[in-house]
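Every number for a ligand or one of its atoms is a count from 1 in the order of the listing.
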Amino acid sequence: MSKNEGASAQGGVKHAVMNLTKAILLALALGLICGVAIHYLMPAGGLRDGLVEGVFYVIGQGFIRLLQMLVVPLVFCSIVCGAASIADLRTLGSVGIKALVWYLLTTAVAICIALSIGNLINPGLGVDMSSMVSSDVSSITENASNTSIADVLLNIIPKNPIGAMANGDMLPVIFFALMVGIVISLLKSRVETVHRFFDQFNEIMMKMTSMVMYVAPFGVFCLLARTFANIGFEAFLPMVKYMGGVLIALAVQCFVVYMILMVVFARINPLAWLKKFWSVMVFAFTTASSNATIPLNIETLDRKIGVDRTISSFTIPLGATINMDGTAIMQGVAVVFTAQLFGVPMGPVEYATVIATATLASIGTAGVPSVGLITLSMVFNSVGLPLEGIGLIMGIDRILDMCRTAVNITGDAVASTVIAKQEGYLDLDVLNDKGSDDGIEDYAEAL
Ligand code: ASP
């Protein structure tokens, strides 16, 4: 092949993969339009059910399952490799402590923002309760009773690591993976084969992720179409103030707090960073799952922003498991909304309790759709709010779940970028390279 032919073939590949981000965005828009059209125009019955609960459900959930299939092996291998490659335990300790402190503090800030905005907007005042149909909260109350703070902390240590992996319990999996990685780095050449095995398995998982990304547009279309076919728009109306409060607080956290932190702690241009990262946010928005976004987040930080995998392979899965700023924001606004709706008085002690429990709830929230609603019951219980409040917001939660998940994973990525910069693991050449601004296409180029 001549040099020119080679270049044009490469251009062709680039062009083909260039379409992936656009295809996902297009699928998002088409899914929304199609879902709304079905909700309002298609008569209820067998055909509609077959389409929405048959075709859309199977393809959408199939896509989510493909992503979920990757999570445990990918997180395990990438943390083992990350920990093993930080030969110096002091660096690992400092990255770990920085990440933990950062995650806890940003979550506390997020709840304070949510409580303030909630009290400014007063989402629960003047709401006509009769127009809102309370959903069944029994599934939530069942889960609420067995989630205590002591359990959340104790469950970090797996009784059985294989059992934790089988159940997809991420925190114990991370704990065990970290220990394996640390021991590998201590034993060095004596366990070289095992080290290489994990490195190579990690490669396999990354490649598999790239392959799954190619069906993303179909999955995204079906997920969105089903959501809007089921919800339509009128369910949102009585909840407009509540939704507005959550969305404003999410925007403040994402576009003000994170960006200021990025400038102050890493001296990075936040707009340039966002331009490279936005496609990961879109992806998290469509899947509503932090876990499912882990592979794309690590890959984008590495290839577009220059965050070494040594850092991100540890901080991203950890963040996707314990750092849920967006979820904490929804919980803060939901507390104000429900307290106002049911006339429950809230004072400084109650608000302090909410900040503490919502921060812990964020640790206990798994990075999959809707779990934030379940841990919300823990927050409500702590200040004696009626769980019926959760039933009221359940109907419209999916759309907020999508938005808060985008903020959840952005928080993890900002922390990873700042820590990488401070520890000397950020490649500024990659960050400043304008040619790599779009996230998903280069990622899929690895195929
Ligand atoms: N869906 C969220 C996530 O994956 C968790 C939640 O708030 O329900 O980050």
query: Within the distance-only criterion (no hydrogens, no angle test), does the side chain of Asp169 pair as donor or acceptor with the backbone N or O of Pro172 below 3.5 angstrom?
result: no
query: Has the side chain of Asp401 got a donor or acceptor atom that lies under 3.5 Å from a matching backbone atom of Ser370?
result: yes
At less than 4.0 angstrom from any non-hydrogen atom of [X], what atoms of ligand 1 do you find?
{"X": "Ala288", "value": "1 (N), 4 (O)"}
{"X": "Met324", "value": "9 (O)"}
{"X": "Val371", "value": "8 (O)"}
{"X": "Thr327", "value": "5 (C), 6 (C), 7 (O)"}
{"X": "Ser289", "value": "4 (O)"}

Distance to 0.1 Å, residue and atom name: give those for the protein heavy atom nearest to [atom].
{"atom": "atom 1 (N) of ligand 1", "value": "Asp401 OD1, 2.7 Å"}
{"atom": "atom 5 (C) of ligand 1", "value": "Val368 O, 3.6 Å"}
{"atom": "atom 9 (O) of ligand 1", "value": "Ser290 OG, 2.4 Å"}
{"atom": "atom 6 (C) of ligand 1", "value": "Gly372 N, 3.3 Å"}

statement: So for Ser370 against ligand 1, with non-hydrogen atoms under 4.0 Å, the contacting part is backbone
- prompt: Side chain or backbone of Met330 under 4.0 Å from ligand 1, or both, or neither, by non-hydrogen atoms?
  reply: neither
message: Under a plain distance cut-off of 3.5 Å, with no hydrogens placed, do Ser312 and Ser416 share a side-chain donor-acceptor pair?
response: no
- prompt: Between the side chains of Ser362 and Gln331, is a donor N or O closer than 3.5 angstrom to an acceptor N or O?
  reply: no
Nitrogen or oxygen atoms of Leu373 and ligand 1 under 3.5 Å apart: no
query: Less than 3.5 Å between some nitrogen or oxygen of Thr365 and one of ligand 1, yes or no?
result: no
- request: For the pair Phe265 and Trp102, name the ring-plane relationship: parallel under 30°, tilted 30 to 60°, perpendicular over 60°.
  value: perpendicular
query: Do Val335 and Met346 come close enough that some side-chain heavy atom pair is under 4.5 Å?
result: yes
- prompt: Evaluating non-hydrogen atoms only, which member of Ile374, Thr405, Asn291 is closest to atom 2 (C) of ligand 1?
  reply: Thr405
query: To the nearest 0.5 Å, how far apart are CG in Asn408 and OG1 in Thr293?
result: 9.5 Å
Taking every non-hydrogen atom, the tightest pair across Phe56 and Cys222: O-CB, 3.4 Å
message: Apply salt bridge (charged side-chain N to carboxylate O under 4.0 Å, His left out) to residues Glu299 and Lys304 and explain how you reach the verdict.
response: CA-CA 8 Å; Glu299 193 71 31; Lys304 304 284 171 190; over 6 Å; no
